[in-house]
Amino acid sequence: MPTPPPPLPNSRTAPDGSAVIRVLSYNIRSMRDDTAALARVITACAPDLVLVQEAPRFFRWRKKLARLAAASGLVTLAGGATASGPALLCSLRATVERTEDVLLPLTPGLHRRGFATAVVRFGGARLGVLSCHLSLQKDERYEQGGMLLDRLAGMGVEHAIAGGDLNERPNGRTFRRLAADLQDCWATAPWGAEHTFPSADPRRRIDAILATRGVEVLGCGVPHGHPGVAESDLRGATDHLPVLAALRVPAR
């Protein structure tokens, strides 16, 4: 078993209005695996925001996503089938300004992709949020990386985060394109473990949380050994491992 990492900071709001938040990015494979284990992992990580990929998209998808949120002590914020898979969950600590689900251009023969987006506030901190699941096809993936950057830039906020299944390792050109403009949170402040896929024998880092330069990264990584996170749950919940980050967002 990996050595337990030092504790991540807990969520809190400072007197100056800045906020420390926990953000979790998680590909949940349409909740086809052990949903009780999935909820236990999310709950143990105590996130303020969960950036979901492969949320349920078909029969009663809203009810399934709402059930996962409730089992994790959260609420559904945005996305799901209306974003072609990406979704956002949040704690009641978040004040929601707006949400928007974005469908990306469809390439014939390939899976439709989208972004789940929102602008939220924690205390005096205002934050743009985007969950994504980029294409398996490298050229389409590169174009989607550019659309992600454009979407964040157009949200009208100083501070923003994006996260998801990038379907590419850090040395890939799309990952490098994103990391040139945004902080790759694991590379900025590594915490826990690096590799996210596959969950049974992780050998690749293809899932990431990214943040604009003004956000302070306090720690980011796979929560092996985090209190309450069982290795059996990480393996049984889905085929990806989650990425957990603690971030300090300045007051606007």
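- Asp101 places a side-chain N or O within donor-acceptor distance of the main-chain N or O of Gly79, the cut-off being under 3.5 Å.
- The shortest distance between side-chain heavy atoms of Glu143 and Glu140 does not fall below 4.5 Å.
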Stepwise, does the salt bridge (Lys or Arg N to Asp or Glu O under 4.0 Å) test hold for Glu97 with Arg121? CA-CA 7 Å; Glu97 288 193 9; Arg121 287 184 285 113; 3.1 Å; yes
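- Counting only heavy atoms from C-beta outward, the side chains of Cys220 and Val243 approach each other to under 4.5 Å.
- Counting only residues at least two apart or in different chains, ring pair (Phe, Tyr, Trp, His ring centres under 6.0 Å) contacts with residues 70-94 are absent.
- Thr76 and Arg62 share no donor-acceptor pair across their side chains, judged by distance under 3.5 Å alone.
- Proximity of a side-chain donor or acceptor of Arg22 to a complementary backbone N or O of Leu8 within less than 3.5 Å is detected.
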I would like to know whether Glu168 and Arg177 meet salt bridge (Lys or Arg N to Asp or Glu O under 4.0 Å); could you show each step before the answer? CA-CA 12 Å; Glu168 187 173 276; Arg177 181 180 193 178; over 6 Å; no
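- Under the 3.5 Å distance criterion, with hydrogens and angles disregarded, no donor-acceptor pair is assigned to the side chains of Ser135 and Gln144.
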Acceptor/donor pairs from residues 189-196 side chains to any protein atom, 3.5 angstrom cut, sequence neighbours excluded:
from   : atom 1 : to     : atom 2 : distance (Å)
Trp191 : NE1    : Pro6   : O      : 2.5
Glu194 : OE2    : Arg205 : NE     : 3.4
Thr196 : OG1    : Arg204 : O      : 3.4
Thr196 : OG1    : Ile206 : N      : 3.3
Thr196 : OG1    : Asp207 : N      : 3.4
Thr196 : OG1    : Asp207 : OD1    : 2.5

Practice item. Go through the steps for His240 and Arg29 under the test side-chain contact (heavy atoms from CB on, under 4.5 Å), then give the verdict. Key: CA-CA 8 Å; His240 285 245; Arg29 195 159 69 159; over 6 Å; no
| message | Test salt bridge (Lys or Arg N to Asp or Glu O under 4.0 Å) on Asp201 and Arg235; report intermediate values, then the result. | response | CA-CA 9 Å; Asp201 182 22; Arg235 291 191 298 271; over 6 Å; no
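- Inter-residue side-chain proximity for Leu210 and Ile161 is flagged as unmet; no heavy-atom pair is nearer than 4.5 Å.
- In this structure Glu216 satisfies the side chain to side chain contact (heavy atoms under 4.5 Å, CB included) test together with Leu218, Arg248, sequence neighbours excluded.
- The closest side-chain heavy-atom distance from Val215 to Thr212 is below 4.5 Å.
- Counting only heavy atoms from C-beta outward, the side chains of Lys64 and Thr35 never approach each other to under 4.5 Å.
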